[in-house]
Visitor: 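Here you go, one structure.
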2 protein chains.
Amino acid sequence: MSLMPASNPLDDAAETAAAPAAPSFSPLYQQIKALILQSLEAGEWKPGEAIPSEMDLAARFRVSQGTVRKAIDELASENLLVRRQGKGTFVATHAEQHVQYRFLRLVPDAGERGSEAPADRSILECRRTRASAEVARALGLRTADPVVQVRRVLAFNGVPTILEDLWLPGVAFKGLTAEQMADYQGPTYAMFELEFGVRMVRAEERLRAVAADDTQAKLLKVAPGTPLLSVERIAFTYNDVPMELRRGLYLTGDRHYRNELS
Amino acid sequence: MSLMPASNPLDDAAETAAAPAAPSFSPLYQQIKALILQSLEAGEWKPGEAIPSEMDLAARFRVSQGTVRKAIDELASENLLVRRQGKGTFVATHAEQHVQYRFLRLVPDAGERGSEAPADRSILECRRTRASAEVARALGLRTADPVVQVRRVLAFNGVPTILEDLWLPGVAFKGLTAEQMADYQGPTYAMFELEFGVRMVRAEERLRAVAADDTQAKLLKVAPGTPLLSVERIAFTYNDVPMELRRGLYLTGDRHYRNELS
DNA sequence: GAGTGGTCTAGACCACGCG
DNA sequence: GCGTGGTCTAGACCACTCA
């Protein structure tokens, strides 16, 4: 059975750009996956909502339930969808996702409980500006394109712990204010979903150890030269489109960045 | 169909220790997965070897090929097995695995190619000693149990970049010598597989930024106080048994620790 | 061409959540 | 009790590898 011609435009999106050898074969479930992805991207189902049942989707795409299932399996393993037995399959969201702060890996050395109070955010800066060459490259923009820059400090139990700079594409985040950044309860990425329809799906981080300069030291209330964990992040929406550059400086005195390897 | 009683001893191994609520239901493919895991653990198939075909395993376990397939799917996604279409399913190994240094996330800022020359290892120390309280806890041993301690420096293109201390359970690594650590070409974990039959399957890391003390600075040929990325790793064999504690200090001047979030 | 993993189907039944 | 996801089966066919 063939839902669409062997080489269809959807295939291209799934590839890693400069692949010279054509795939020449695309399993049906991959095509279904691409179709579901399109609907997600187009906002046919909103974050937190249920998508149609496997049976419904199978009927809609004229394939068997097992094929839809395999497509959803992959989307779920990429954290784009969440399955809940007996209830349905839901569009993943940074809000209400009981693992809040999905991308924040900094945890207390002891305890590790999610019971910890959420961080206090103080927004030091939130202004429209123009992309430097470096920022432009990271965000796939051109130098001097409009961007929104945010600087903030996160404090846990009153202790300043993270100094963060964010750069966001000006077009997508038109109208972002310091108040929005400060007032929203819950993950910043949840606010981005709600207010700007931008859903971060994946991120790449580069970690380094650096010494605090005078400005950074003052903001984090530590001595200049204190070692800080520098975390540079590029966050992507669908189709690997970069939508945020973030540079965090983490104080790792009584916290650490947790990672799992396999 | 039921291959074995609903609550069998294998189930316990798969659980996260202190779970109060019994699972009360274990899918057949999970039971098959546990059986395959047992065979892997027992060394029925050696690293790099092929395991029996899906059809063979299905016959052996008296289940359908699809059920075996699902069990293997999970083991493959945990990097315990590697599937190769047309050839078979193979036991994963740290050797010959064309992504060498599977657990090392430190990459050059530019280039990033695997084309880089492998690191020179100089072994500064390799001795039998007794576990401190901290080491014992990490390795699931008792204080003063025998351990092997190794200290080494890894240099890329002649530049010392990583200072590492390793602690290994003395019983499993009886007879490990500095020569073995130095001479083996390829990943250290591959040598552990070959020489000691110990296969690292998973690891947890804790990252911090620290300042180099005098000893560390001397060994890495940098100024005291230079910020270093501290990477504490516990590596596990099958069944989440810890088999290595490692503390690395990474120089991140022109390299970074790469991580993917999703 | 034989053997392996990979895909797809159709149908049955099970576990879970909720009204 | 119904609808959802989750499991299991049996059989057909496809893509890849290697002799």
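Chain A is the first sequence line, chain B the second, and so forth, proteins listed ahead of strands; every chain is numbered from 1. As the structure is a prediction and not an experimental result, all values here were calculated from the model.
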Visitor: Find out whether the Lys NZ or Arg CZ of Arg233(B) is both under 6.0 angstrom from the six-membered ring centre of Phe103(B) and within 45° of the ring's axis.
Guide: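 The answer is no, since Arg233(B) fails at least one limit relative to Phe103(B).
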Visitor: Please give, in whole Å, the distance from dT4(D) P to Leu81(A) CG?
Guide: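 Leu81(A) atom CG is separated from dT4(D) atom P by 16 Å.
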Visitor: When rounded to the nearest 0.5 angstrom, what distance separates CD in Glu204(A) from CZ in Arg258(B)?
Guide: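 Output value for this atom pair is 8.0 Å.
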Visitor: By nearest atom, which of the nucleotides dG5(C), dC8(C), dT7(D) is closest to the Arg69(B) side chain?
Guide: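 Closest nucleotide to the Arg69(B) side chain: dG5(C).
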Visitor: Is the terminal nitrogen or CZ of Arg255(A) (NZ for Lys, CZ for Arg) located under 6.0 angstrom from the six-membered ring centre of Tyr250(A) and within 45° of that ring's axis?
Guide: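 Output no; distance or angle outside limits.
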Visitor: Can you tell me if Gln31(B) uses its side chain to pair, donor with acceptor, with the backbone of Ser26(B) under 3.5 Å?
Guide: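 Answer holds: yes.
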Visitor: Closest to the Ser53(A) side chain: dT4(D), dA15(D), dT7(D)?
Guide: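 From the listed options, dT4(D) comes nearest.
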Visitor: What integer distance in Å separates Leu57(B):CG from dT4(C):P?
Guide: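 After rounding, the reported distance stands at 11 Å.
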Visitor: Could you state the NZ-P distance from Lys70(A) to dT7(D), rounded to the nearest angstrom?
Guide: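 After rounding, the gap between these two atoms is 14 Å.
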Visitor: From the set dT7(D), dG5(D), dG6(C), return the single nucleotide nearest to any side-chain atom of Glu54(B).
Guide: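 Minimum distance to the Glu54(B) side chain belongs to dG6(C).
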Visitor: With DNA chain D as reference, determine whether Gln85(B) or Val68(B) sits nearer its 5' end, using the nearest nucleotide of each.
Guide: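 With Gln85(B) and Val68(B) compared, the 5'-side residue is Val68(B).
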Visitor: Examine Tyr101(B) together with Tyr189(B) and report whether their ring centres are nearer than 6.0 Å.
Guide: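 Distance test on ring centres: not under 6.0 Å, no.
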Visitor: Could you tell me whether Arg84(A) sits above the aromatic face of Phe90(A), with NZ or CZ closer than 6.0 angstrom to the six-membered ring centre and within 45 degrees of the axis?
Guide: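 Yes.
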Visitor: Just by distance, no angles: are the side chains of Tyr257(B) and Glu205(A) close enough, under 3.5 Å, to form a donor-acceptor pair?
Guide: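 There is no such pair between these side chains.
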Visitor: Once you round it to whole Å, what is the distance between C1' of dC16(D) and CZ of Arg84(B)?
Guide: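 Going from CZ in Arg84(B) over to C1' in dC16(D) covers 14 Å.
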Visitor: Whether the Arg152(A) and Thr188(A) side chains hold a donor-acceptor pair (N or O, under 3.5 Å, no angle test) is what I'd like checked.
Guide: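 On atom types as modelled, these side chains qualify, holding a pair under 3.5 Å.
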Visitor: Atom CD1 of Ile72(A) and atom C1' of dG5(D): how far apart are they, to the nearest Å?
Guide: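 Atom-to-atom, Ile72(A) to dG5(D), this comes out as 9 Å.
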Visitor: Just the atom pairs and distances: protein N or O near nucleotides 10-12 of chain C's N or O, under 3.5 Å.
Guide:
none

Visitor: Write down the distance between CZ (Arg62(B)) and C1' (dT9(D)), rounded to a whole number of angstrom.
Guide: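 Value for this atom pair: 16 Å.
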Visitor: Tell me: CG of Asp56(B) to C1' of dA2(C), nearest whole Å?
Guide: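 One finds 14 Å between C1' of dA2(C) and CG of Asp56(B), rounded.
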Visitor: Can you list, by residue number, the residues of residues 86-96 of chain B that have a non-hydrogen atom closer than 4.0 angstrom to DNA chain D?
Guide: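 Only Gly86(B), Lys87(B) qualify.
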Visitor: Please determine, by modelled atom types, if Ser262(A) and Glu78(B) share a side-chain donor-acceptor pair under 3.5 angstrom.
Guide: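 Not at all, the side chains of Ser262(A) and Glu78(B) share no donor-acceptor pair under 3.5 Å.
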Visitor: Measure from CG on Leu28(B) to P on dT7(D) and round the result to the nearest Å.
Guide: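 So the two atoms are 11 Å apart, to the nearest Å.
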